[in-house]
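This report refers to the structure that appears directly beneath it.
The first residue in the sequence is number 1, and the count goes up from there. Quick note: numbers below take in every heavy atom, side chains included, and nothing from hydrogens, waters or symmetry partners.
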Amino acid sequence: MTITSPHLGSPSAWTDARLLYALEEVVEQELNRHLKVAKDWMPHEYVPWSDGRNFPGLFEDGEAWDKEQSKVTEIGRTALVVNLLTEDNLPSYHHEIATLFGRDGAWGTWVHRWTAEEGRHGIVMRDYLLASRAVDPDKLEQFRMSHMSEGFESDNGHSMLHSIAYVAFQELATRISHRNTGHQSGDPVCDRMLARIATDENLHMVFYRNLLKSAFELAPDLTMQAVRDVVVNFRMPGHGIPGFERAAAQMAIGEVYNLRIHHDDVLQPVLRFLKVMEIDGLGPEGRQAQEELGLFMGGLNDEATKFDEKLAARKARMAARAAR
């Protein structure tokens, strides 16, 4: 690494500026790896344009939207709107990471590349939704205006380690949400589109996860505390979307994203890859954070088990009603 310290876990040993400088070599390596494996793709190739037709407005032959026009399931529609509105806040996300990571060197190159790749996601999802008439276009635009007008302020912007830890988990969470939305959408075209987006999100997760691994090697105590804080207080970036809590509940029941998925498919894979619970040689604050993280994960698993039981009971009741 570029910088070493006699006591890597000491809060006084590292500032954000020093960590940014120390990690830039890793960022460059990860950026080069990413560019080798990432594949460019054309958003317009994933949109069923032949299904499209005019909406009312300037066109006299416009046809009003009706949900019966769409192939997408009800849960698919809900999740698609949440996922798209989350992607819509890209300008705010770019501002956050550009301010934190900078616009120069390897960090800046990554910030702009990431933003460009993420921009495709909003483009293709909106085009798909409108061409396939999967959602009410008027309500979608109203939601977009409301959500973007509020902007976005990260819960973790106070520390670059917190930000890196957050996006390592959040990118995987987004990948899982998109992939499961595709599975539950009822439309093979939608499923293929979201699978393509999910591939990007997975590569973004790998970038940040590997960066987080290097941060553990540099400043294990501080990084452990950041991971603990992020995991315990994790929220998806779309939590400010109008009606988010109700939509999140529907997505949980619809098995797009819920506690079990969050525990098993998002938190555990990253923690396991980083071997977070096996790291030794920590100082007092690092050990405390590690212990608290372990306790939290155990409690979250218990909560997820309770949710699983409730969901199974709900499915049984629905099956019984259907059989009458």
- [ ] With rounding to the nearest 0.5 Å, note down the distance linking CE in M125 to OG1 in T86.
- [x] 8.5 Å
TODO: Decide if atom CE of M145 counts as having more than 12 heavy atoms of other residues, nucleotides or ligands within a radius under 6.0 Å.
DONE: no
Open item on the list: Quick check against the 3.5 Å criterion: does E201 have a side-chain atom that pairs as donor or acceptor with the backbone of A173?
Closed with: no
Open item on the list: Tell me if the CD atom of Q250 is crowded by more than 12 foreign heavy atoms within 6.0 Å.
Closed with: yes
- [ ] Measure from the ring center of F101 to the ring center of W110 and say whether it is less than 6.0 Å.
- [x] no
Open item on the list: If you count heavy atoms of other groups shown closer than 6.0 angstrom to CD of E141, is the number above 12?
Closed with: yes
Task: Nearest-0.5 Å distance, CD1 of residue I197 to NE2 of residue H178 - done: 5.0 Å
- [ ] Answer yes or no on whether R133 is positioned over the face of F55, meaning its NZ or CZ is under 6.0 Å from the six-membered ring centre and within 45° of the axis.
- [x] yes
- [ ] Look at atom CZ of R314 and say whether more than 12 heavy atoms of other residues, nucleotides or ligands are closer to it than 6.0 Å.
- [x] no
Open item on the list: Ring of Y46, cation from R196 - is the NZ or CZ under 6.0 Å from the centre and inside 45° of the axis?
Closed with: no
Open item on the list: Closer than 3.5 angstrom, by distance alone: can the side chain of E24 be matched with the main-chain N or O of A106 as a donor-acceptor pair?
Closed with: yes
TODO: Flag yes if V276 and L295 sit in one hydrophobic cluster, no otherwise; membership is Ile, Leu, Val, Met, Phe, Trp, Tyr, and two members link when side-chain heavy atoms are under 4.5 Å apart.
DONE: no
Task: Donor-acceptor contact present, side-chain T73 to main-chain G186, <3.5 Å - done: no
Task: Q170 backbone acceptor or donor facing T174 side chain under 3.5 Å - done: yes
TODO: Spell out, as yes or no, whether a donor-acceptor pair under 3.5 Å connects the side chain of Y208 to the backbone of S163.
DONE: no
TODO: Could you list all the salt bridge (charged side-chain N to carboxylate O under 4.0 Å, His left out) pairs where at least one residue sits in residues 108-125, not counting sequence neighbours?
DONE: D40-R113, D40-R120, R113-E117
TODO: With sequence neighbours left out, write down each residue that passes salt bridge (charged side-chain N to carboxylate O under 4.0 Å, His left out) with D191, or none if nothing qualifies.
DONE: R179
TODO: Kindly say whether L23 contributes a backbone atom to a donor-acceptor pair with the side chain of W107 at under 3.5 angstrom?
DONE: no
Open item on the list: Counting only heavy atoms not in H95 (residues, nucleotides, ligands), do more than 12 fall under 6.0 Å from its NE2?
Closed with: no
- [ ] Flag the pair K213 and E217 as a salt bridge only when some basic side-chain nitrogen lies within less than 4.0 angstrom of an acidic carboxylate oxygen.
- [x] yes
Open item on the list: For D66, is the CG atom crowded, meaning more than 12 foreign heavy atoms sit under 6.0 Å from it?
Closed with: yes
Open item on the list: So that I can tick it off, tell me whether R260 and D308 are bridged by a salt bridge, with the cut-off set at under 4.0 angstrom between side-chain N and carboxylate O.
Closed with: yes
TODO: Indicate yes or no for a side-chain donor-acceptor contact from N180 to the backbone of V256 under 3.5 Å, with no hydrogens or angles considered.
DONE: yes
Open item on the list: For a 4.5 angstrom cut-off between non-hydrogen side-chain atoms, does P284 reach R287?
Closed with: yes
- [ ] Might you confirm whether atom CE of M42 has over 12 heavy atoms from other residues, nucleotides or ligands at distances under 6.0 Å?
- [x] yes
Task: Exam field: side chain N32 to backbone E28, donor-acceptor pair closer than 3.5 Å - done: yes
Task: Within the 6.0 Å centroid threshold, strictly below: F234 and Y166 - done: yes
TODO: Could you tell me whether K306 and E303 make a salt bridge, using a distance below 4.0 angstrom between a side-chain N and a carboxylate O?
DONE: no
- [ ] For K310, enumerate each residue passing the salt bridge (charged side-chain N to carboxylate O under 4.0 Å, His left out) test, keeping only those at least two apart in sequence or located in another chain.
- [x] none
- [ ] Check for a donor-acceptor pair, side chain of W49 on one end and backbone N or O of A131 on the other, with a separation under 3.5 Å.
- [x] no
Task: Backbone of G283 reached by a side-chain donor or acceptor of D221 within 3.5 Å - done: yes
